[in-house]
Amino acid sequence: MRILLAAALMATAAPLAAAQPASSPAPVLTTPEAVDIWTHAAPEVARVTHVGLDLDVDFTSKTLGGTATLDIQARPDAKDIVLDVDDLDIASITDAQGKALQWTVGADDPELGSALTVQLDGARQIIIAYRTKPGATALQWLPPEMTAGKKKPYLFSQGQPINNRSWIPTQDSPGIRQTWDATLTVPGDLVAVMSAEKLSGDKGEALADGRRRFRFRMDKPVPPYLIAFAVGDLKFRSLGPRSGVWTEASMLDAAASEFADVEKMIDAASDLYGPYRWGRYDMLVLPPSFPYGGMENPMLTFLTPTIITGDRSNTDVVAHELAHSWSGNLVTNATWSDSWLNEGFTTYFENRIMEALYGKERAAMYADLDWDGMMRDLKTFGGKSGTGARTRLHGDPGATGGQLDYFKGSNFLRMIEKTVGRDRWDAYLRSYFDRHAFQPQTTAGFLSDLRKNLIKGDAKLELSLQLDRWAYAAGLPDNAVHITSETLAVIDRTLAAYKNGGPASAVQTEGWSTQEWLRFLNGIPRNQSAARLAELDRALGLSNSNNAYVRSAWLELAIANRYEPALPSLHEFATRVGRGLLIRPLYAGLMEQGDWGAKIARTLFTEARPTYHPSTAAQIERIIEGSESAG
Ligand code: BES
Ligand code: ZN
């Protein structure tokens, strides 16, 4: 119903777009693929162009309260503007002069939240006074025990895909770009950071009441899922002229050493695909409950501490989030069905950055592991329709076909590179980012750009690429590129000896990178005896491993074999680490083990749930209730 309405509105969109002066925001795309089913907004009628936030952060009530001032561009005949909200307490809405405007909040959709419809009465700026709820899905409020310092509370937001409507009343669609500014007022002993330019220094401004005020500005139009903040006992260390890292004091040395190459990564990325357009590139290392490996918040990538393993073997995650500064933040998926345009492009680009810094073999190691991941995901999800690189799934936009948007999407681009040659491909991709900078993109839009600017009517090339199969069909086209790694081939030989009954003590793990560990552990068949698992754990120290990837892979193996001596390690891990990629497979594995596993999963989740970000808690609840696999 809502989609039909949006389609009807689109028919009238052209005159508005044509009438805009050149300086106005890029028009929202109106092709059928660009219709976003995860927003209530009707941007063709009225759209938000700028968000101004002024919020007070209250750790006692676990709420943010204050105002959102929205600048609006609307058709002359527009009566109202429709915004996305999820469980906000709205006190009042006025125009810029303080005149009250009429508004209604529609029914609450479990996935989308509600439509907030505001009568404009000619207004082109509106001011919403509101407060968030303690359960806001974007926000995780951490008690001091869940931080590294254990003394002060912590708070952070995670907007992607559609969580930001739980703390910002705006049009929460990746195709509706908005500039923004924000003032955050926080307890005097804490520091606020945001995905934007700092206007009030590293320490903010001290207020008479003992609190501190931090001001920020993002003057480039961004999709609203990229508005992000964190508040905690944070310190900063510079790493280069454009880069540095924020984290708690006790983490600062380890973080600075792990990410020492970041400035080189920015150079390599710019050499490949054009200038870095965001000014600074800082990183924030969060507490271990952070739900992702990383999140590409502009100017301030958010990172899980689980990538800090002391050997820099997981800095591909930094390369990945940095690459999003082009694919994702500059050229953005118009809707979450096109997430491969963000994640597949970025996974490809990330690998090119790693190759530029560390050479072909290291890049091959990551690519080879991604191939393994793709094979796993194709088995689980690949038969379903809508599992081309473009995943057309409904319901939760965060639940794509495993990570096929990453794996299949990046392989798609690698196949084009191999077919046309690296020089031609790189020149094309660089021009692509220039042509579409600060705009939304769809799969059809990408394919048509590719045909116009790279293929240029070459029928033989067109035939050999199989573009539409890659983009839209299930399964894997036969021109996929499997890059294999020498380093991992060595691991495969060690693994073969072990699988043949060789002793665990013969497995020499000294100096293994995370990737070598993963190749070994994921390759062990899921039918091990308790004695064999005990021997492995004793020889390799798996239950006590400080590498979270190793712990997670080991626990997956242990769970698949119902190996109970590993349960204390599982408990310690799953109540401390909240990164979805490392804990979802554990819950999913437990649920595959009948009553034995289901009981453990339920007990564990009851205890661990308060330590998880709301979006991760919801995903795990769905795994336990049986409506989702680990993807
Ligand atoms: N943008 C994603 C994180 C994300 C995905 C948030 C989907 C919400 C919904 C981020 O760039 C990412 O891909 N993170 C990965 C790391 C990457 C190296 C594979 C992660 O979280 O593991
Ligand atoms: Zn990503």
Side-chain angles (χ1 to χ4, degrees), residues 38 111 137-138 140 156-164 172 174 195 222-228 265 283-286 288-298 300-307 313-333 335-354 363 365-367 369-370 372-374 377 391 393 395-410 514-515 518 548-549 552 577-585 613-616 618-619 630-631:
W38 291 290
E111 300 286 353
T137 57
Q140 188 174 10
F156 68 88
S157 69
Q158 166 59 41
Q160 188 185 356
I162 56 168
N163 302 328
N164 268 352
D172 190 10
S195 52
V222 294
Y225 71 87
L226 293 176
I227 307 176
M265 286 187 175
M283 296 165 282
L284 169 70
V285 180
L286 289 109
S289 70
F290 185 64
Y292 294 97
M295 178 64 215
E296 64 269 28
N297 299 130
L300 185 66
T301 279
F302 284 24
L303 294 168
T304 170
T306 62
I307 64 175
S313 65
N314 305 302
T315 54
D316 58 322
V317 176
V318 176
H320 179 97
E321 306 314 333
L322 171 65
H324 272 306
S325 306
W326 288 257
S327 42
N329 300 359
L330 202 57
V331 183
T332 309
N333 50 211
T335 83
W336 295 114
S337 291
D338 277 316
S339 70
W340 84 276
L341 293 174
N342 282 18
E343 300 301 346
F345 272 62
T346 294
T347 302
Y348 171 80
F349 190 174
E350 153 206 342
N351 199 257
R352 294 294 305 276
I353 296 171
M354 294 310 273
M365 198 163 67
Y366 297 113
L369 270 193
D370 278 2
D372 292 348
M374 178 164 71
D377 279 357
T391 43
L393 301 176
D396 176 4
T400 52
Q403 293 183 90
L404 279 175
D405 45 352
Y406 293 69
F407 301 143
K408 200 169 165 182
S410 56
T514 298
Q515 291 68 39
L518 290 180
Y549 296 79
S552 172
V577 174
R579 180 179 175 191
L581 211 63
L582 300 180
I583 59 167
R584 281 194 310 261
H613 185 275
S615 62
T616 310
Q619 286 164 358

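Since the model is a prediction, treat every value here as computed from it, not as a measurement. When a ligand or atom number is given, it counts from 1 through the structure's own listing order.
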Is there a donor-acceptor pair under 3.5 Å between the side chain of [X] and the backbone N or O of [Y]?
X: Glu350; Y: Ala323; answer: no
X: Ser552; Y: Ala548; answer: no
X: Thr616; Y: Gly580; answer: no
X: Asn314; Y: Thr514; answer: no

Numbering the atoms of ligand 1 from 1, which are under 4.0 Å from a heavy atom of [X]?
X: Glu321; answer: 10 (C), 11 (O), 12 (C), 14 (N), 16 (C)
X: Glu296; answer: 1 (N), 2 (C), 10 (C), 11 (O)
X: Gly293; answer: 20 (C), 21 (O), 22 (O)
X: Gln158; answer: 6 (C), 8 (C)

Regarding [X] and [Y], do their side chains bring together a donor and an acceptor under 3.5 Å, going by distance alone?
X: His320; Y: Glu296; value: no
X: Thr346; Y: Ser327; value: yes
X: Thr306; Y: Arg579; value: yes

Test your reading of the structure: does [X] have an N or O sitting under 3.5 Å from an N or O of ligand 1?
X: Tyr292; result: no
X: Tyr406; result: yes
X: Arg579; result: yes
X: Asp316; result: no
X: Gly294; result: yes

Test item, Leu581 contacting ligand 1 (heavy atom, 4.0 angstrom)
yes
Near the Zn ion (ligand 2), is there an N/O/S atom from Glu321 that is less than 2.8 Å away?
no
Heavy-atom distances under 4.0 Å are what count here, so tell me which part of His320 touches ligand 1: side chain, backbone, both or neither.
side chain
His320 atom (N/O/S) at minimal separation from the Zn ion (ligand 2)
NE2
In Glu343, the N/O/S atom nearest the Zn ion (ligand 2) carries the name OE1
Check for me whether the distance between the ring centres of His613 and Phe156 falls short of 6.0 Å.
yes
Rounded to the nearest 0.5 angstrom, the CG-CG distance for Leu286 and Leu303 is 8.0 Å
